[in-house]
Each structure stands twice: as C-alpha cells, then as structure tokens.
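A, B, ... follow the sequence lines: proteins, then strands. Residue 1 opens every chain. FYI, side chains are in, hydrogens and waters are out, and symmetry mates aren't considered; it's all heavy atoms of this structure.
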Protein chains: 2
Amino acid sequence: MDGGFRGEDGLKSLGKVMRVLECFSTRDRSLSLGEICARTGFPKATAHRLVASLRDVGLLDQDRERDRYRLGLRLFELGNTVLANMDLHREARPFVEQLTRLSGHSVHLAVFDGRAAVVIHRADPHAEGSPAAFIEAAPAHCTSVGKAILAFQPPELLARLAGPAGFARYTDRTITHPAALAAHLEETRARGWSLDEGEHQPGLRCIGAPIRDQTGRVFAAISVSAPVRELTQPRIPAAVKLVRHAAQGLSAALGWRG
Amino acid sequence: MDGGFRGEDGLKSLGKVMRVLECFSTRDRSLSLGEICARTGFPKATAHRLVASLRDVGLLDQDRERDRYRLGLRLFELGNTVLANMDLHREARPFVEQLTRLSGHSVHLAVFDGRAAVVIHRADPHAEGSPAAFIEAAPAHCTSVGKAILAFQPPELLARLAGPAGFARYTDRTITHPAALAAHLEETRARGWSLDEGEHQPGLRCIGAPIRDQTGRVFAAISVSAPVRELTQPRIPAAVKLVRHAAQGLSAALGWRG
DNA sequence: GGGTCCGTCCCGCAATGCGGAACAGCGGTC
DNA sequence: GACCGCTGTTCCGCATTGCGGGACGGACCC
C-alpha cells in the first residue's frame, strides 16, 4: 500500500507515517531504524525523524535510545475506543454466544473496512474466557465473512480490490480470477449466505451471512467454521439456518427493518 | 495534551493529526467538522484537510460526505497488532484466570504507557466470555495498578506527571498533592504491593502488585478489586499473597530472575 | 424563494519537512 | 585499550508541503 491513500492525495506526511506503521505486523513485532528504511525506502534522516515523532506521540515505542521500535500503546488505546464505540460490538455478545452454543462451531464476527474483513469478535465452543488468538484483517475474497460482505457491495468495488494479477491465492481452492469471483458472489447474493470451502485455510468449511445497518447497507458479517469432517455436507442446511438467524437478529438489533 | 509531543518537537503535522484523533472518546463517539474545529482550534480548511486525509488512510471513518466522523477501523487493526505482539498479554491468560478463580474478585492487568495505566486484560469471576466493558487508560495516581507501577519509577517521572494543581481528584479519597503521593508511593514500594481505598471509584478496594520485564524494570501491574464490604480488612493479607504470587509468576514468565 | 449554516475547494504564501553529510555511539576484534 | 565497521543521531540549506481566508455549493428551515 502506497502510504494508505485511497482517494486523491492527502497530507504527504500522514502517508509517510502510515507507511512506517504498516511495516509492523504480528510477524514483524519490532524493527530497527535500518529495517524501517529498507522497507519504506525512506533515507535514514527522514525515517529517523518519522519514528522519533511517532515515538514522542506514543504511536511507536522504544525501550531505550538506539533500540528497536515497536507499535505503541496509544494505538491500542485508540483501537479500544473504536471497538467500545461500535454498536455492532456492543449488541453482538448474546448473538455470538447463542450461535456458538447452538452450532457447536467457532464463530467469527467481522466488519468491512473497505478492503478486508476485520474480525472484531471470535468465540470457540471449547474455549473459555476472552479469545487468546487475534486475527489480523481477513482477506475478503476467500473467507465466508468477506464473501458475505462483498456479495452486497457495488460492482466497482470488486474491480478496485483486484490486483493486476487478480486476487491473492491462499489454498488450491482460492478463487483468484476476478470474473470467476464475481459470478461466485452473484450466487452468494442470490441465496443470501456464503460458503468458504477451504479457500482461505485448507480443510476448513465456513458459512457466513451478511449483517445490515439501520439503513440496510451490508457492512459486516457473521460466520461459523469447522473442519470439513466436522461440518459435513448434511449438516450445512442447519448451520445456514442458525447463521442467518443470528445475522438477521443482529441486523434488527442495529435498527434494520427488512 | 498539546498534540501529544512529550519531548522536543517532532513533525508538526503529526501533532495536528493526534489532536484530531484525541477529540474522540467513548463519550464523543462521532463528531462533525465544526465540532472538531471547536475542540482543536484549527480553521475550517485546515481541519477539513486533516480529517479528509485521516479518512483516506482509514484512521477516521465517515458513512458519506458531509456526515459526522468517527475513529476508523484501521486503528482497531493496529491496536490489535499491539496486543498480539505483547509478550505480557500472551503469557497472561493462565495467571489472570487463576487469580480470578482463587480470589473470587475482579482482576485487571495493566501496562504503563508513560502517563497512565492501560488495562489490557480484565476478568470477572461472575462473567463469562470476553470482557464486554472496555476501560480507557486508568489514571496512574489513584488506581492500584497505577500506583504499583509508579512506586518503581524514577522520582522525576512523578514531578512530570503532576499538573500545576497536582493530580486530578476522582473521589474524596484521591491523593492529589504531589508530596503526599510521593510519600504514599514510598510506602507502597517498601512493602511491594499497592492499595487503592476508593481513590478512583468510591467504595471500591483494590490490591495491586508490580510486574517486571526480563531486565527487572517495572512496566506493568496486576490487581484484584471488589467492593469494600466484600474485600474486608481481614481478607486483605490473603488477597495480597495471591496478587503478589500472580505478579511474580508473570514476571518470571517474562524472563525476570529475581 | 431566500437566508443561514456547514462542508468543500482554491491558491498565494509561509512554514515545515527533506536528506546528504558529518558526527556520535556501540559492539566486535585484535 | 585501540581501532574499525555499522547504525543511529543531528545539522542546515533547500524544496516541498501544508495553511487558511474566502468563495462556492449543498442542505435545511422558515
């Protein structure tokens, strides 16, 4: 991503700031100044000024001078506020717990950020307490929550999300060709629920359904997932019913009357 | 906070960006351009350029043009990464669960961000699933996690955190005078655990203990809390033992040998 | 239809940020 | 302890970016 701008140009400095922040991930937990230079292409002095400023406002952290950098706690605080302010997250608990209990499968609740499905809630039938594993944004084109959302977006969005070589491949079953995905999403839209047959993770079957806001716009989705040997073909119709019911309940809780 | 810079000046634009982001909170979930102008003091054109840029990179969201702004999902994603990358968070689960079970009280785990105690994990003995309520950064001077951390920081930090009128008052019991707090923290440090007697929330008693990283530096704390009528005076010694044991276990898990 | 208020956009100007180069600090080797 | 190599930090002349007053457009109200 070239500095994160999606529309026309904004503040150039902000674009540079985003490019620095995007160097970090769950795989690249901390980075030296040299590594940040290498990944962003910024000269040493420029990169140093950027990271020093980010550290001063708390968006990056550093244990001591000359040490490696990592994402700062201020981001966690702001991210917490995003979640706390989200109506969907506030309403979700009973629906997610009920779907987990009734289906016996893992449940994911994701919001669309314009290019990926961001999981904001996850529940496992066999785990207790808060989810231990965090999921970064899931690719929209090959996950059930992503496809449940994409099926109800304007057609030009799909064109915009496809890269020059189509969509990224994750497994042998990933649909990478834009035209094939468009047709697939047309089917998803017609039946009102999505199916991921190991397109993102091998051997995993997921069923998703779209969630609407009070204006009827699809902005989120919920899904159940399990290994194929567990969520067998004969069990799909019952799971579909449960997921759609949870999605409709959440949509109604958010003010959708449809 | 004047643009968030703690040291010498950094990028001016980043300071402005932070001032915009800091206008939002769990109380101010969405804001119009005019409201952002009023809170930041920026002229309309300046504020508009800032929020448009933030929206373009996903740090702010807007349902449609001319609509109100809110914090964007990209912040949640980055905040998620902060948490996922945190050794303390990854190691914490069994210690927090055990402390919750043995003490029968609410447990909080917080990290110091340089001025506040940021709660990253919370568990209640009577609640199931992930914590529903989110806590913004807790003031360090009047919470048990905050005081457990402050007691082991350099003395000049306390001077820096105090405002011109001392520390903010939350209840009748809040210690607001810097000298009084310094003496209080000296006692905390000597005995190795902290006590919050309704200093932040009336009628709530909390006991906290510091957590060290592999170098021995105190950067986090854990606490139990309950209403005074539940966590009575005779029950304090047993609770102290449990909290300190959990803190020491977590410190050891992080590589502290002391 | 007119008025008010808010948001968006333009462009001359001022402020900020850039980055090559020099310097400082740290770790490793002899 | 001295030296070397590498990385991080700082400086300052210059170029680019961001600023903000004002004009314009849109939505809402009377």
Side-chain donor or acceptor of [X] paired with backbone N/O of [Y] under 3.5 Å:
X      : Y      : answer
A:R55  : A:L60  : no
A:Q153 : A:V218 : yes
A:R90  : A:A84  : yes

Of all the nucleotides listed ([options]), which has the minimum atom distance to the side chain of [X]?
X     : options                : answer
B:P43 : C:dG19, D:dG21, C:dT8  : D:dG21
B:Y69 : D:dG8, C:dC9, C:dT8    : C:dT8
B:K12 : C:dT16, D:dG8, C:dT8   : C:dT16
A:A45 : C:dT8, D:dG22, C:dG19  : C:dG19
B:L33 : D:dG20, C:dT8, D:dT9   : C:dT8
B:L11 : C:dG19, D:dG18, C:dG17 : C:dG17

Give each protein N/O atom lying under 3.5 Å from an N/O atom of nucleotides 23-25 of chain C, with the pair distance.
from	atom 1	to	atom 2	distance (Å)
C:dG25	N2	A:R66	NH2	3.4

| query | How do A:V51 and B:S13 order along DNA chain D: which one's closest nucleotide is nearer the 5' end? | reply |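 The residue whose closest nucleotide sits nearer the 5' end is A:V51.
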| Charged N-O contact under 4.0 Å between A:D61 and A:R68 |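 Looking at A:D61 and A:R68, the cut-off is not met.
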| query | Would you call A:R74 and A:E77 a salt bridge, taking side-chain N to carboxylate O under 4.0 Å as the test? | reply |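 A:E77 and A:R74: salt-bridged.
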| message | Can you see whether B:F152 has B:R212 sitting over its ring - NZ or CZ less than 6.0 Å from the centre and within 45° of the normal? | response |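 Verdict for B:F152: a cation-pi partner in B:R212.
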| Cationic tip of B:R217 above B:F112 ring, under 6.0 Å, 45° of axis |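 No; the conditions do not both hold, so B:R217 does not lie above the ring face of B:F112.
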Nearest whole Å is fine: how far is [N] [atom2] from [X] [atom1]?
X     : N      : atom1 : atom2 : result
B:H48 : D:dG21 : NE2   : C1'   : 16 Å
B:L54 : D:dG18 : CG    : C1'   : 14 Å
B:I36 : C:dT8  : CD1   : P     : 10 Å
B:K16 : C:dA15 : NZ    : P     : 11 Å
A:L14 : C:dG17 : CG    : P     : 12 Å
A:D67 : D:dT7  : CG    : C1'   : 13 Å
B:E35 : C:dC5  : CD    : P     : 16 Å
A:R68 : C:dG27 : CZ    : P     : 14 Å

